[in-house]
Amino acid sequence: MASAGLQCFAFTLALLGIFGDITATLLPNWKINADVGSNIITAITQMQGLWMDCTWYSTGMFSCTLKYSVLSLPVYIQTARTTMVLSCILSAFGICITTVGMKCTKLGGDTESKNHTCFAGGICFILSGIFGLVPTSWYTREIISNFLDTTVPESSKHEPGGAVYIGFISAGLLLISGVIFCTSCFKKQQGPWIYPAKQQHFPSTQQDSNAGYNLKDYV
C-alpha cells in the first residue's frame with residue numbers, strides 16, 4: 001500500500017513536470033531585456049524564446065515575431081528546441097506507460113509485468129528530465145557569458161526569463177518522479193519467507209529403534 005501511495009505521489013510530480021515542460025517550451029521569455037531609457041513612457045521589454053521574439057511596450061502594446069529560419073539560429077537555440085521537444089514526448093510516453101504499470105490501476109497484467117512496465121516509465125521520466133535540463137543549463141550559460149562580456153553593449157545584454165526557471169523546476173520534478181518509479185519496482189529480499197529452512201528428516205527405522213529402549217533396560 002505504501003508503494004502504491006509513493007507511485008501516486010510520483011505520478012503527480014510527473015504531471016506537474018510535463019505541464020511545466022510544455023509551458024517552458026512554448027513561452028517566449030527565455031531571456032529578457034528591459035530598456036527603460038530616459039523616459040518611462042517609451043520603456044520596452046524585449047523577450048526572446050525558442051520559437052518567437054516578443055516586445056512589450058509600456059503603452060500596453062504587445063507584438064511577437066516568429067523565428068521561421070532554423071539555420072540562422074544559434075546552435076544552442078537549435079539544440080534547445082530539439083531537446084525540449086524530445087523531453088515533452090518522452091514525458092508523455094512516461095505518463096502513458098506508468099498509468100498501465102502503477103499498482104493502483106487494473107491494467108498491465110500480473111505484478112511482475114506491472115513492475116517492468118513501471119520501471120520503463122521511470123526511465124522515460126529520467127531521460128525526459130535530462131533532456132529538459134541540458135537546454136536550460138546551456139541557455140543560461142550563454143545568457144550569463146553574454147551578460148559578463150564587456151565587449152557586448154548594455155542594450156544587447158539579457159537576463160534569464162521565467163521560462164528558464166520553469167524548465168529547471170520541471171526537469172527536477174521529472175527526474176525525481178523517474179527515480180521514485182524505478183526504485184518502487186524493486187522487490188525486497190524475502191529469502192527466509194520464500195525459501196524456508198529445510199528440516200532434517202531422520203529415517204523412521206532409526207526413530208523406531210530408539211523408541212524401543214526403556215529406562216528399565218539400563219537398570
Using a 4.5 Å cut-off on heavy atoms from C-beta on, say whether the side chain of [Y] contacts that of [X].
X	Y	value
V85	F131	no
F62	C64	yes
L6	I180	yes
N29	Q48	no
I77	W30	no
E159	K31	no
M52	C54	yes
Y165	P160	yes

Take S128 and S87 through the test side-chain hydrogen bond (donor to acceptor under 3.5 Å, both in side chains) and record every step on the way to the result. CA-CA 4 Å; S128 176; S87 178; 3.0 Å; yes
Could you tell me the separation between the [atom1] atom of [X] and the [atom2] atom of [Y], rounded to the nearest 0.5 Å?
X	Y	atom1	atom2	value
N33	M47	CG	CE	11.5 Å
L174	L16	CG	CG	9.5 Å
I166	T23	CD1	OG1	6.0 Å
I18	L90	CD1	CG	10.0 Å
Q7	C118	CD	SG	4.0 Å
D21	C88	CG	SG	4.5 Å

Decide yes or no on ring pair (Phe, Tyr, Trp, His ring centres under 6.0 Å) for Y139 and Y76, but give the supporting numbers first. CA-CA 7 Å; Y139 208 100; Y76 69 95; 5.2 Å; yes
For F9, is the CZ atom crowded, meaning more than 12 foreign heavy atoms sit under 6.0 Å from it?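 Not more than 12 within 6.0 Å, no.
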Taking atom CZ as the centre, does F168 end up with more than 12 heavy-atom neighbours from other residues, nucleotides or ligands that are less than 6.0 angstrom away?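 Yes.
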Apply side-chain contact (heavy atoms from CB on, under 4.5 Å) to L15 and I95, showing your working. CA-CA 8 Å; L15 286 177; I95 290 293; 3.7 Å; yes
To check you understand the geometry: which heavy-atom pair defines the closest contact between [X] and [Y], and what is its length?
X	Y	answer
G17	S170	O-CB, 3.4 Å
C124	G94	CB-CA, 3.9 Å
A171	G129	CB-O, 3.5 Å
L13	L173	O-CB, 3.8 Å
G121	I97	N-CG2, 3.6 Å

Transitively linked via ILVMFWY side-chain contacts under 4.5 Å: [X] with [Y]?
X	Y	value
I126	F119	no
I143	V75	yes
M84	L73	yes
I89	L50	yes
L133	W138	yes

Evaluate the side-chain contact (heavy atoms from CB on, under 4.5 Å) criterion for residues W51 and R81: first the C-alpha distance (whole Å), next the side-chain angles of each, then the deciding distance (0.1 Å), finally the verdict. CA-CA 8 Å; W51 312 96; R81 279 186 173 186; 3.5 Å; yes
Would you sort out whether F125 and F181 count as a side-chain contact (heavy atoms from CB on, under 4.5 Å), showing the intermediate values? CA-CA 9 Å; F125 286 139; F181 273 117; 3.7 Å; yes
For L148, the rest of its hydrophobic cluster, which grows through side-chain links under 4.5 angstrom: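 Under the 4.5 Å side-chain rule, L148 groups with I144, F147.
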Give the C-alpha distance, both sets of side-chain angles, the deciding distance and a yes or no for side-chain contact (heavy atoms from CB on, under 4.5 Å) between L127 and F93. CA-CA 11 Å; L127 292 177; F93 275 123; over 6 Å; no
Residue pair Q46 / T55, side-chain donor-acceptor N/O under 3.5 Å: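 The answer is no; no qualifying pair exists.
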Are side-chain N/O atoms of D53 and T65 paired as donor and acceptor at under 3.5 Å?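 T65 and D53 do not have a side-chain donor-acceptor pair below 3.5 Å.
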